[in-house]
Amino acid sequence: MVTAFQQRVYDAISTIPRGKVSTYGLVAGHLGCNCAQAVGQALRRNPYAPRVPCHRVIASDRTLGGFSGKRSGPQLRRKRRLLVKEGVVFRPDGRVDPACVHRFSRRPRDP
DNA sequence: AACCTGACGGACA
DNA sequence: CTGTCCGCCAGGT
């Protein structure tokens with residue numbers, strides 16, 4: 001079942017353009033709460049993948065975070081490959097270039 | 001309703 | 001730099 005909260009998460013990340021990424025924390029802030037962990041949980045259960053681009057959400061330190069329910073392993077390489085293909089730049093240390101982090105313009109919650 | 005579990009994040013040793 | 005600890009909050013049991 002898709003809850004209202006999950007729907008809001010999916011809506012939010014669907015606005016992240018190709019070649020850009022966001023973080024669990026930024027998405028949470030965009031939704032108006034300090035619930036990065038809950039955002040992660042929503043993405044983990046994303047039933048709309050890959051229509052909803054959950055691979056464009058990474059951790060706040062700009063490491064990859066998780067994908068397909070896993071935080072390491074071959075799934076993560078796939079996530080990375082997808083992002084590279086979309087134009088996201090990775091630094092030598094494996095983190096995403098800060099310039100590729102998307103900035104949400106408006107908040108749907110109390111502007 | 002109580003309790004447990006995270007694709008988290010920031011603070012601190 | 002790495003490893004712990006703790007607050008966070010939605011969702012499942």
Side-chain angles (χ1 to χ4, degrees):
Chain A
M1 133 174 206
V2 176
T3 67
F5 175 78
Q6 286 170 355
Q7 193 57 59
R8 285 201 289 140
V9 172
Y10 303 148
D11 281 349
I13 71 172
S14 295
T15 70
I16 304 172
R18 268 180 68 102
K20 294 272 186 169
V21 298
S22 190
T23 72
Y24 302 100
L26 287 175
V27 172
H30 183 59
L31 298 183
C33 68
N34 301 329
C35 53
Q37 207 165 13
V39 168
Q41 190 177 40
L43 293 185
R44 181 177 186 269
R45 311 172 133 267
N46 175 16
Y48 302 109
R51 188 162 64 71
V52 170
C54 50
H55 59 282
R56 294 183 192 156
V57 184
I58 63 174
S60 65
D61 62 2
R62 304 193 319 283
T63 55
L64 280 188
F67 194 57
S68 286
K70 308 281 185 171
R71 290 194 282 205
S72 61
Q75 316 291 327
L76 269 289
R77 289 197 290 280
R78 187 138 39 120
K79 177 171 181 175
R80 181 182 168 124
R81 217 187 63 242
L82 277 170
L83 291 175
V84 168
K85 194 172 183 179
E86 295 183 350
V88 173
V89 181
F90 281 79
R91 307 172 92 193
D93 63 3
R95 301 179 188 212
V96 171
D97 189 298
C100 297
V101 177
H102 174 63
R103 305 198 174 184
F104 290 104
S105 47
R106 289 193 244 163
R107 277 177 296 181
R109 281 306 197 180
D110 60 83

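Keep in mind that this is a model prediction, so the values were computed, not measured. Residue numbering restarts at 1 for every chain, and letters A, B, ... go by the order of the sequence lines.
- Listed by chain and number, the residues in a salt bridge (Lys or Arg N to Asp or Glu O under 4.0 Å) with A/R44 amount to none (sequence neighbours excluded).
- Across all strands shown, A/C54 has heavy atoms under 4.0 Å from base atoms, whether or not it also approaches the sugar-phosphate.
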### Message
For a quick check, with a 4.0 angstrom heavy-atom cut-off, what is the B/S/- contact string for nucleotides 8-13 of chain B, read 5' to 3'?
### Response
BSS---
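- Straight-line distance from the CD atom of A/Q7 to the P atom of C/dA10: 16 Å, rounded to whole Å.
- Rounding to whole angstrom units, CG of residue A/N34 and C1' of C/dC8 are separated by 7 Å.
- Taking atom CZ of A/F5 as the reference point, atom C1' of C/dG12 lies 15 Å away to the nearest angstrom.
- Rounded to an integer number of Å, the gap from A/L43 CG to C/dA10 P is 15 Å.
- The nearest whole Å value for the distance from the OH atom in A/Y48 to the P atom in B/dA7 is 20 Å.
- By the 4.5 Å heavy-atom criterion applied to side chains, A/R56 and A/I13 are not counted as neighbours.
- Not a single salt bridge (Lys or Arg N to Asp or Glu O under 4.0 Å) links A/D61 to another residue, sequence neighbours left out.
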### Evaluation steps, side chain to side chain contact (heavy atoms under 4.5 Å, CB included), between A/F67 and A/L43
CA-CA 9 Å; A/F67 194 57; A/L43 293 185; over 6 Å; no
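- Note: CZ (A/R78) to P (B/dA7) measures 17 Å, nearest angstrom.
- Between A/H30 atom NE2 and C/dC9 atom P the separation is 18 Å, expressed in whole Å.
- Figure legend: cation-pi geometry between A/R80 and A/F90, with NZ or CZ positioned under 6.0 Å from the six-membered ring centre and within 45° of its axis.
- Ring pair A/Y10/A/Y48 is perpendicular by interplanar angle, where above 60° counts as perpendicular and below 30° as parallel.
- The phosphate of C/dG12 has OP1 or OP2 within less than 4.0 Å of a side-chain N or O from A/R45.
- C/dC1 atom C1' lies 13 Å from atom CG of A/D93, rounded to whole Å.
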